[in-house]
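As structure tokens, the structure follows; a few thoughts come after it.
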Protein chains: 2
Amino acid sequence: MKKLDHVDKQILQILQEDGRIPYTEIAHQLGVSEGTIRARITRLLQDGVFQFIIHPDPEKLGLHVQAIIGLTTRLGSQIKVAEELSKFSAVRFVGSFSGKHDLIIQACFHSNDELITFVNERLSQIEGIVSADVSLELKQYKDSFSFVQDDDVTLQ
Amino acid sequence: MKKLDHVDKQILQILQEDGRIPYTEIAHQLGVSEGTIRARITRLLQDGVFQFIIHPDPEKLGLHVQAIIGLTTRLGSQIKVAEELSKFSAVRFVGSFSGKHDLIIQACFHSNDELITFVNERLSQIEGIVSADVSLELKQYKDSFSFVQDDDVTLQ
DNA sequence: AAGTTTTTTTCGAATTTCGTAAAAAAAGGA
DNA sequence: TCCTTTTTTTACGAAATTCGAAAAAAACTT
């Protein structure tokens with residue numbers, strides 16, 4: 001996989017704003033032909049650099065309760081637990097971490113009841129979970145994949 | 001905003017797989033006309049139910065270091081701190097939570113150095129941050145917005 | 001049930017995407 | 001540096017998709 005150049009990053013930046021903007025429009029904005037945009041996007045997709053998706057608003061879908069749950073797992077069962085957790089559609093993020101918790105997950109629910117059910121009836125059934133620290137989301141300030149930057153100016 | 005019906009959810013489910021699938025194709029799959037798909041997607045977008053975006057792979061962008069940072073803020077400065085944090089492009093998630101940490105953020109960096117710089121030189125400059133618990137991501141198992149379900153079967 | 005509003009379908013025109021060949025540019029080798 | 005090879009970009013006609021708007025159908029109201 002070749003390193004991304006400036007044009008690739010510009011394409012990604014434009015698509016971050018609107019994932020359905022026509023190639024002709026991107027081409028116009030960047031001053032190249034549609035074919036170039038098409039060829040590059042095809043390559044980026046093949047290389048797995050990005051995917052076209054949609055970002056639903058959980059609130060608008062009735063998922064009013066969101067939580068981050070820090071888990072401690074029994075030594076040796078972490079991977080299996082992570083895989084089990086990943087199967088739930090309510091769970092949108094699962095990662096293994098250094099620090100206090102072995103696994104940290106992020107999940108969405110319709111109600112507090114559903115969250116409770118998840119913790120008490122689903123998590124408890126998964127072999128290898130020692131403890132679960134639930135943090136309830138009170139307000140979301142940012143949630144985006146817009147971290148493509150022109151040139152490595154991540155910290156501004 | 002009207003409640004989403006079955007067709008709306010089916011549209012979202014299809015778009016979750018491929019955010020750039022043609023309306024004609026969705027129409028074909030659901031057995032309705034292209035115009036219906038177009039009208040519904042236009043309405044869903046206007047209602048803010050979802051957005052067309054792209055999901056870049058941080059690794060492929062050279063962002064090899066990801067972290068979740070739990071923050072404790074001084075009473076009264078939480079909102080300001082959250083807003084400041086949201087300004088960083090490296091920060092992809094900022095939320096206010098109940099539990100051990102007032103704010104939890106998720107961020108991506110090119111290197112450990114960049115992470116250290118972020119914590120020591122950027123976070124420390126933000127007025128109102130009392131402490132920061134950094135958890136380094138070792139492995140990602142799931143990261144998706146695919147939580148649109150047919151009918152409230154979030155827990156399976 | 002008649003009238004009103006909303007949603008869906010239809011269809012021609014405009015636009016976009018696609019396939020592909022040729023040209024141009026870039027990269028590599030002697 | 002010049003030549004060859006490879007990669008990328010451009011060009012362009014054909015196919016497919018999107019768009020606008022009017023007609024039809026469906027859903028609500030009273």
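Every chain is numbered from 1 and lettered A, B, ... according to where its sequence line falls, protein lines coming before strand lines. Values below: every heavy atom of this structure, side chains too, minus hydrogens, waters and symmetry copies.
- Remark: Lys2(B) is in phosphate contact with dT7(C), judged by side-chain N or O atoms under 4.0 Å from OP1 or OP2.
- Listed for the Thr36(B) side chain is no donor-acceptor partner under 3.5 Å among the backbone atoms of Val32(B).
- Judged purely by atom type and a 3.5 angstrom limit, Ser77(A) has no side-chain atom pairing as donor or acceptor with the backbone of Lys80(A).
- Listed by residue number, there are no residues of residues 42-56 of chain B with a heavy-atom contact under 4.0 Å to DNA chain D.
- Contacts classified as salt bridge (Lys or Arg N to Asp or Glu O under 4.0 Å) and involving residues 58-70 of chain B (residues at least two apart or in different chains) are not found.
- Counting only residues at least two apart or on different chains, the salt bridge (Lys or Arg N to Asp or Glu O under 4.0 Å) pairs with a member in residues 128-137 of chain A are Asp133(A)-Lys100(B).
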**Message:** How would you summarise protein contacts on nucleotides 25-30 of chain D per nucleotide, using B for base, S for sugar-phosphate only and - for none, with heavy-atom distances below 4.0 Å?
**Reply:** ------
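- Residue pairs satisfying the ring-ring contact (aromatic ring centres under 6.0 Å, His included) criterion with at least one member in residues 54-74 of chain A, sequence neighbours excluded, are listed as follows: His55(A)-Phe145(B).
- The backbone N or O of Arg92(B) sits nowhere less than 3.5 Å from a side-chain atom of Lys142(A) that would complete a donor-acceptor pair.
- Considering only residues two or more places apart in sequence or on other chains, Arg40(A) meets the salt bridge (charged side-chain N to carboxylate O under 4.0 Å, His left out) condition with Asp5(A), Asp8(A).
- Here Thr73(A) pairs with Asp102(A) under the side chain to side chain donor-acceptor pair (under 3.5 Å) rule; sequence neighbours left out.
- Residues forming a salt bridge (charged side-chain N to carboxylate O under 4.0 Å, His left out) with Lys139(B) (at least two apart in sequence, or on another chain): none.
- Across the helix from dA1(C)-dT30(D) to dA30(C)-dT1(D), the helix axis at one end is tilted relative to the axis at the other end by 50° (nearest 10 degrees, each axis from five pairs).
- Taking the six-membered ring for Trp and the full ring otherwise, the centers of Phe88(B) and Phe118(B) sit less than 6.0 Å from each other.
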**Footprint string (nucleotides 8-26 of chain C, 5' to 3'): B base within contact, S backbone only, - free, heavy atoms under 4.0 Å** = SBB-----SBBB-------
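- Residues passing the salt bridge (charged side-chain N to carboxylate O under 4.0 Å, His left out) test with Asp57(B), sequence neighbours excluded: none.
- For residues 13-30 of chain B, the pairs satisfying side chain to side chain donor-acceptor pair (under 3.5 Å) are Glu25(B)-Gln29(B), with sequence neighbours left out.
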